[in-house]
Amino acid sequence: MPRPMIVGNWKMNNSLEQALQLVASLKDSLTPNPNAEIVVCPAFPFVIEVSRVLENSSIKIGAQNMHSAQSGAFTGEVSGSMLAGLCEYVILGHSERRSLFGETNRFINIKVVSALDNGLKPILCVGETEQERDSGNASTVVRTQVKSGLADVADITSVTIAYEPIWAIGTGKIPSQEAVHEIISHGIFEVLQEIYPDSYNIPRILYGGSVTPQNVVNFTADPLIDGVLVGGASLDYNLFSQIVALTLEAKAN
Ligand code: 13P
């Protein structure tokens, strides 16, 4: 699996027309790079149309969420088996799912297991609130989220972890390089080494939260960080393609 990765999380944005225009432009302009993965995550209703535009392209598709069950009476939900074959990736445990929809570490863990069972590659999101950061608990919170999110996951080869400090999402505020490095090493890297002491495949680790072309290199310059998970800027073709180019350049060095 190539390591550098840039993921656009469109959230509940874009009309179908805007979505198709955006991916068509990305497909035309991004040179296929076998050493990196670029993923767009549209809202569910657009996944099929977007995947048609991206046929024969190296750009991959991810879903923004899924339910843990295979099927059943879960009105409004979408299962991993429904997404398999349409999407390669699925974002799980995004802070908006945790805070607005009450998703717990346990529930997210069941989804991670179900995603893997369905052949999907989970992007597990973790991150602390401002209050948790201010009280010095960021690493502990992130550790718990990683540990719980990966419970019962024996093979982490297809897992990606995205560190997104909640207070940095959509706010324009960003953490210092040192703070991100510290939390990723103690809250993510060390935990992975503890749980998977024999694994040679440490999951890819992304940073997310107010990423722009101006600040992306702050994060991707860190050898522990393999790429970025981009929200707002992924809706703008110019910004997203600059973020892709800058990340690939930083990772090529
Ligand atoms: P922004 O890039 O808009 O801060 O969103 C980050 C995010 O939540 C990506 O999942």
Side-chain angles (χ1 to χ4, degrees), residues 7 9 11-12 41 43-44 62-84 87-133 135-169 183-199 201-209 229 231:
V7 184
N9 175 9
K11 309 191 180 183
M12 199 173 71
C41 303
F44 287 136
Q64 298 175 16
N65 182 33
M66 58 171 258
H67 196 273
S68 55
Q70 287 294 84
S71 62
F74 299 100
T75 302
E77 291 291 330
V78 170
S79 71
S81 61
M82 291 169 177
L83 294 172
C87 297
E88 184 166 333
Y89 288 92
V90 59
I91 297 174
L92 295 175
H94 192 279
S95 70
E96 286 146 21
R97 301 291 326 165
R98 293 175 190 263
S99 66
L100 302 173
F101 301 97
E103 293 195 6
T104 60
N105 281 330
R106 175 73 190 128
F107 187 44
I108 293 160
N109 169 241
I110 302 171
K111 291 186 186 207
V112 171
V113 172
S114 171
L116 290 166
D117 286 347
N118 282 293
L120 294 162
K121 297 175 180 166
I123 301 171
L124 171 65
C125 299
V126 296
E128 81 287 357
T129 62
E130 193 153 31
Q131 201 188 6
E132 287 161 345
R133 179 201 64 181
S135 53
N137 289 324
S139 288
T140 314
V141 168
V142 169
R143 267 183 100 81
T144 306
Q145 290 171 335
V146 172
K147 243 180 165 156
S148 319
L150 296 178
D152 301 322
V153 175
D155 181 1
I156 45 170
T157 317
S158 6
V159 174
T160 296
I161 296 184
Y163 169 57
E164 299 202 296
I166 297 172
W167 52 270
I169 295 178
I183 291 170
I184 290 184
S185 22
H186 297 301
I188 303 179
F189 218 75
E190 276 177 23
V191 189
L192 293 172
Q193 286 176 328
E194 271 166 44
I195 331 177
Y196 304 101
D198 302 324
S199 179
N201 296 308
I202 290 290
R204 281 186 294 207
I205 299 175
L206 311 180
Y207 168 82
L229 174 55

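- Using a 4.0 Å cut-off between charged side-chain N and carboxylate O, Glu128 and Arg133 make no salt bridge.
- Under the side chain to side chain contact (heavy atoms under 4.5 Å, CB included) criterion, Ala63 pairs with Phe44, Leu83, Cys87, Val90, not counting sequence neighbours.
- We find the OG-CZ distance between Ser158 and Arg204 to be 9.5 Å, quoted to the nearest 0.5 Å.
- Here the CG atom belonging to Asn65 is positioned 11.5 Å from the SG atom belonging to Cys41, to the nearest 0.5 angstrom.
- Looking at every heavy atom in both residues, Ile108 comes nearest to Leu92 through CG2-C, 4.4 Å.
- Closest non-hydrogen pair, Pro165 versus Gly208, comes out as CD-O, 3.3 Å.
- Residues Ile123 and Ala162 approach most closely at CG2-CB, 4.0 Å, considering heavy atoms.
- Here Leu124 contributes atom CG and Ile156 contributes atom CD1; the two are 11.5 Å apart, rounded to the nearest 0.5 Å.
- Qualifying side-chain hydrogen bond (donor to acceptor under 3.5 Å, both in side chains) partners for Glu190, counting only residues two or more places apart in sequence or in other chains: His186.
- Residues that satisfy the side-chain hydrogen bond (donor to acceptor under 3.5 Å, both in side chains) test with Ser185, not counting sequence neighbours, are absent from this structure.
- Pairs engaging residues 93-102 under the side chain to side chain donor-acceptor pair (under 3.5 Å) rule: Lys11-Glu96, His94-Glu164, Arg97-Glu103, Arg98-Asn105 [sequence neighbours left out].
- Taking NZ from Lys111 and CG from Asn109, the interatomic distance works out to 12.0 Å, rounded to the nearest 0.5 Å.
- Residue pairs meeting the salt bridge (charged side-chain N to carboxylate O under 4.0 Å, His left out) criterion with at least one partner in residues 63-72, sequence neighbours excluded, are absent.
- Phe107 pairs by the ring-ring contact (aromatic ring centres under 6.0 Å, His included) definition with His67, not counting sequence neighbours.
- Closest of all the heavy-atom pairs between Val146 and Gly187 is CG2-O, 3.8 Å.
- The CG atom of Leu116 lies 9.0 Å from the CG atom of Leu150; values are rounded to the nearest 0.5 Å.
- Between Thr160 and Leu229 there is no side-chain heavy-atom pair separated by less than 4.5 Å.
- Remark: Asn137 pairs with Ser135 by the side-chain hydrogen bond (donor to acceptor under 3.5 Å, both in side chains) rule, at least two apart or across chains.
- Within the structure, no pair that satisfies the ring pair (Phe, Tyr, Trp, His ring centres under 6.0 Å) test touches residues 140-163, not counting sequence neighbours.
- Listed by chain and residue number, Ser81, Ser114, Asn118 satisfy the side chain to side chain contact (heavy atoms under 4.5 Å, CB included) test with Gln70 (two or more places apart in sequence, or in another chain).
- Tyr207 has its side chain out of reach of Ile183: every pair of non-hydrogen atoms, C-beta onward, lies at least 4.5 Å apart.
- Within the 4.5 Å cutoff, the side chain of Ile184 has no heavy atoms near those of the Ile161 side chain.
- Among residues at least two apart or in separate chains, side chain to side chain donor-acceptor pair (under 3.5 Å) pairs with a member in residues 142-152 are Arg143-Glu194.
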